[in-house]
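Contents: one structure, followed by commentary.
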Number of protein chains: 2
Amino acid sequence: MTRSATALHAEILESAARLFAAHGFRGTSLQDIASDAGCSKASLLYHFTNKDAILTELLTPAGREMAELEERLAGLDGKDAARAAVAGLVDLSLHFRRQVKILVQDVDSLINRPELPDVYALTERLVDALTGRSPTPQARVWAWMAMVGIFLTSAAEHALPDSALRAELTRGALRTLGRGTD
Amino acid sequence: MTRSATALHAEILESAARLFAAHGFRGTSLQDIASDAGCSKASLLYHFTNKDAILTELLTPAGREMAELEERLAGLDGKDAARAAVAGLVDLSLHFRRQVKILVQDVDSLINRPELPDVYALTERLVDALTGRSPTPQARVWAWMAMVGIFLTSAAEHALPDSALRAELTRGALRTLGRGTD
DNA sequence: GTCAGAACTGTCCGATCGGTCAGATAGGGT
DNA sequence: ACCCTATCTGACCGATCGGACAGTTCTGAC
């Protein structure tokens, strides 16, 4: 069982997030995390039941926000839905950069995790919200492009300034969608 | 040393490409590949010096095309460069879908491989080609978005028809770039 | 039929993985 | 002083990893 939240507990999570994002879940060993956090491997497994529990605790907040975004979209349509989808995705991507990178690296093995909503189902909902009631094939492709672009551009730490990123991603996405937003 | 190209040799590459793309390089064992290709693990290591050599042979053609694209862009500017960049990236992404996915999964560990050009350097060249001589920050973000969008939308096998993808990706990218192409 | 070399495999090896466990250490309440 | 509990660790375990190697089977040239 995962124990109480101590200083080391938080440091382990921080180290794991950085290492998972950099080298992937499978590419990061418990010893790697322990060394980075400055404790023993056995101490990791005192604070977390197992390696998987670390990943779960990392992904849970992001998963919750993804689920909330999905619910929010269910009550909207037209331009409201499109705007909410873009804004929500930009927020989520910028707020959970490392989780996004972890998610992208290991989508197929993470897709059935209870702490994450079905990523592909959420994708479909977002595409629906972005393309409106006239889902032409090209509009769907553009929506995919814009979404993936937001997702990964925010996760890429290279060559991108952070400050104006939010506004520019939103603007770029809306431009991609063009009249696809009705 | 890697031996001659036989039927099994090709089957191993095919299996490895599929499995690497699905579960990542580290997430795929030699036994996994051998089972999928219908031979023994030892037979893999007869046809390839080691696990890494399989990955190298998978990535080399993609790396060559990436290098060629980079060279091609060096001799162009303005709208020619932008068009060539988008067309080249779409071609490359659609032709090497699984390699793109492998690349995205493990960018940071693949970045120093001799068979691949520096991915981030190529990215910079592409952004330059797309944004032209007036590289405003927002234009660079949009270019990033469009490039990543092309890259990953083509690699995602889910929910996307293949036929019209090429044209739509190109159109979507140009739309994102807008007047960024001069 | 014979033989050489290519193709292939069973078996073993050291390293490393995630995980267990008994015990050391430290601090607070009594 | 005492003990209880939370925290932490070294040593160890079975499984699995990538890889080595000797030996077997296949195949075409002669």
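Letters A, B, ... are given to chains in the order of the sequence lines, protein chains preceding strands, and every chain is numbered from 1.
Rounded to an integer number of Å, the gap from Leu8(B) CG to dT25(D) C1' is 15 Å. Going from atom CZ of Phe48(A) over to atom C1' of dT7(D) covers 14 Å, rounded to whole Å.
Ion pairing between Glu65(B) and Arg72(B) fails under the 4.0 Å rule for side-chain N and carboxylate O.
The closest side-chain heavy-atom distance from Ser154(B) to Val90(B) is not below 4.5 Å. Proximity of Leu126(A) to Leu69(A): side-chain heavy atoms (C-beta onward) are separated by under 4.5 Å at one or more points. Under the 4.5 Å side-chain criterion, counting only non-hydrogen atoms from C-beta, Glu168(A) is not in contact with Thr153(A).
End-to-end axis angle for the helix from dG1(C)-dC30(D) to dT30(C)-dA1(D), using five pairs per end and rounding to 10°, comes out at 10°.
Take Phe96(B) and apply the ring pair (Phe, Tyr, Trp, His ring centres under 6.0 Å) test, not counting sequence neighbours, and it matches no residue. A search for side chain to side chain donor-acceptor pair (under 3.5 Å) contacts involving Glu115(A) returns Thr56(A), Arg113(A), not counting sequence neighbours. When the ring pair (Phe, Tyr, Trp, His ring centres under 6.0 Å) test is applied to Phe151(B), no partner is found at least two apart in sequence or on another chain.
Counting only residues at least two apart or in different chains, side-chain hydrogen bond (donor to acceptor under 3.5 Å, both in side chains) contacts with residues 19-36 of chain B comprise Ser15(B)-Asp36(B), Arg18(B)-Asp36(B), Ser29(B)-Asp32(B), Gln31(B)-Ser35(B).
The side chain of His47(B) places an N or O atom within less than 4.0 Å of a non-bridging phosphate oxygen (OP1 or OP2) of dC8(C). Side-chain N/O atoms of Tyr46(A) include one lying less than 4.0 angstrom from OP1 or OP2 on dT7(D). For the OP1/OP2 pair of dT9(C) and a distance below 4.0 Å, the side-chain nitrogens and oxygens of Ser43(B) include at least one atom meeting the criterion.
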Annotated protein contacts, base or backbone, on nucleotides 16-23 of chain D with a non-hydrogen cut-off under 4.0 Å, one of B, S, - each: -SBB-B--
